[in-house]
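For reference, the structure discussed in these notes is given below.
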Amino acid sequence: MNTWTIFKRELTSYFTQPTAYAIAIIFGLLSTLLAFTIGGFWNIADASLHGSFFRFHPLLLMILVPAVSMRQWSDEHSTNTIELLGTFPVNLRSAIWGKFLASALIWALALGLTFPMVVAVNHLGSPDNWTIFSGYLGSFFVCLTFLAITTLVSSFTRDQVVALIASVAICCILTILGWEPVINEIRRSGSDTAVETMTRLGIYSHFFEATLGKISFTSLLYFIGLIITCLFGTSMVLKSQRS
Amino acid sequence: MIEVTGLTKRFGSKIAVDNLSFSVEKGEVLGFLGPNGAGKSTTMRMVTGFLPVTKGKIEISGVSVIRNPIEAKQKIGYLPESAPLYNDMTVQGFLKFCASMRGLSGNARREAVSKSIETCFLENVARQSIGTLSKGYRHRTCLAQSLLHDPEVLVLDEPTDGLDPNQKLEVRKLIKNLGKEKAILFSTHILEEVSAACTRAVIVDKGSIVADGTPEQLSKEGGGSLYDLFHKVTSFETPAA
């Protein structure tokens, strides 16, 4: 009940400010632009959207997700509304989940608004729509993971800019760890263990599996584990700040 | 209704509240006086369940704030010191949100919001965005959220701060009226408010109670002036917790 109340407040807050609209437009434009330029959508005849469209998502999301959610808890600290929330007869977990789910819905909508790409590939040929759906699911899990990281980071500080910089830095590291050019470079230096560790820790390999239509149990565990850990960490941080 | 026993709060090596004990009964308005950094807000934050206590007991109508925080919080209305609000909401939207957080819904929520708006004279700004309100209206909006669920206990941290003289008078009258049915703990720097709104007052200094009594008793103790007593029993400056 309280999770729902906070969810509604947060969602309304996104739509009363230009944030939600700005994200949907920027994300939609950039992802489509990249698909048709660097992604080579026409040249590689990519019906699954794996190589031309989805592969740029983590690179965009590692900046856009923290930009949207940096204020999630830092704003509560700077306006001191955290004191109001803390004296309502609600569990802190309800507030954390309410805020998280509202941001998650914004990202689901932003991803959903890229549907013209799906329409285009269906118009041009007969793609495997399950693979495309799986790619979207992978992108959504990346959104949720970056969102959970930003939630945790924003709980530490009342300064939104600090929250943004620190969150982008962490999301960048997670993305770069498993990014193909970086992995290839490490592979050239000959350390297989390093390659394997980085691939497992980075977000790209888990995301790539999804864009190929194969979401493994390990990848699910990776995403869900990171999300739960960050949200649990947020609860711990908010509690410890009061004492 | 409010029963505080041996309350202590430490922030690292600093003792913000030191073995504080007091009680507030139904029909009583207890003024909480003290210089800046004396531990008033810290005590109030512990009473409302926002800050965890280091040592001691707090009970609200027999319910422990430490053991049953959710149940205890349902009985408290709280106005924090800085009157925090969500600037992107309208006054009415904010009060609806707070009422929902207090478990009210449907007609009960509608009625509670209307009553609070009326009690705190917010009719003119009910549909206005909070971000555009003056300090006085912001304060009254936050006061309104503390009354929504008709709590048994009110904890008001400097409720007249930022209000003009007319608004101060109205809020004091309101506190006095509410005090007939509730237990009210309110902090203030303005000593006139003690005789205007309180049935009893305590003076806190360096986290401890240094004077306790009715406004008349305290004035008498200060040789006819509450100011003199305040100067006598409190330190000039206390570093904030």
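Values in this document were obtained by computation on a predicted structure and should not be read as measured data. Order of the sequence lines sets the chain letters (A, B, ...), proteins ahead of strands, with each chain counted from 1.
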TODO: For atom CZ of F15(A), decide whether the heavy atoms of other residues, nucleotides or ligands shown that lie under 6.0 angstrom number more than 12.
DONE: yes
TODO: Nearest 0.5 Å please: distance from the CZ atom of F97(B) over to the CD1 atom of I6(A).
DONE: 5.0 Å
- [ ] Under 4.5 Å, counting heavy-atom pairs only, tell me which of P80(B), G49(B), S146(B) racks up the most with chain A.
- [x] P80(B)
Task: Most contacts with chain A, counted as non-hydrogen pairs under 4.5 angstrom, among G103(B), C98(B), S129(B) - done: C98(B)
Task: Test side chain to side chain contact (heavy atoms under 4.5 Å, CB included) applied to H149(B) and F88(A), step by step - done: CA-CA 11 Å; H149(B) 53 301; F88(A) 285 140; over 6 Å; no
Open item on the list: Below 4.5 Å, heavy-atom pairs only: which of Q17(A), E76(A), K8(A), K239(A) has the largest tally toward chain B?
Closed with: E76(A)
- [ ] Please state whether the side chain, the backbone, both or neither of L85(B) comes within less than 4.5 Å of a heavy atom of chain A.
- [x] backbone
Task: Residue, of D75(A), L84(A), T12(A), that accumulates the most heavy atom pairs under 4.5 Å with chain B - done: L84(A)
- [ ] Return yes when atom CD of E123(B) has more than 12 non-hydrogen atoms of other residues, nucleotides or ligands closer than 6.0 Å, and no otherwise.
- [x] yes
Open item on the list: For the NZ atom on K26(B), are there more than 12 heavy atoms of other groups (residues, nucleotides or ligands in this structure) within a distance under 6.0 Å?
Closed with: no
Open item on the list: Only heavy atoms, only distances under 4.5 angstrom. Which residues in residues 59-73 of chain B are near chain A?
Closed with: I70(B), K73(B)
- [ ] Considering non-hydrogen atoms only, spot the tightest contact between N80(A) and S82(B) and give its length.
- [x] ND2-OG, 3.2 Å
Task: Heavy-atom pair of closest approach, residues S13(A) and D88(B) - done: OG-OD2, 2.8 Å
Task: Value rounded to 0.5 Å, distance of CD in Q145(B) from OG1 in T87(A) - done: 7.0 Å
Task: Under 4.5 Å from any heavy atom of chain B - which part of Q241(A) - done: neither
Open item on the list: Rounded to the nearest 0.5 Å, what separates atom CD in E83(A) from atom SG in C142(B)?
Closed with: 9.0 Å
- [ ] Kindly check if the number of other-residue, nucleotide or ligand heavy atoms within 6.0 Å of NZ (K182(B)) is above 12?
- [x] yes
Open item on the list: So for K9(B), is it side chain, backbone, both, or neither that comes closer than 4.5 Å to the heavy atoms of chain A?
Closed with: side chain
Task: For the student: nearest non-hydrogen atoms of Y86(B) and L85(A), plus distance - done: OH-CG, 3.6 Å
Open item on the list: Rounded to the nearest 0.5 Å, what separates atom OG1 in T81(A) from atom CZ in F94(B)?
Closed with: 8.5 Å
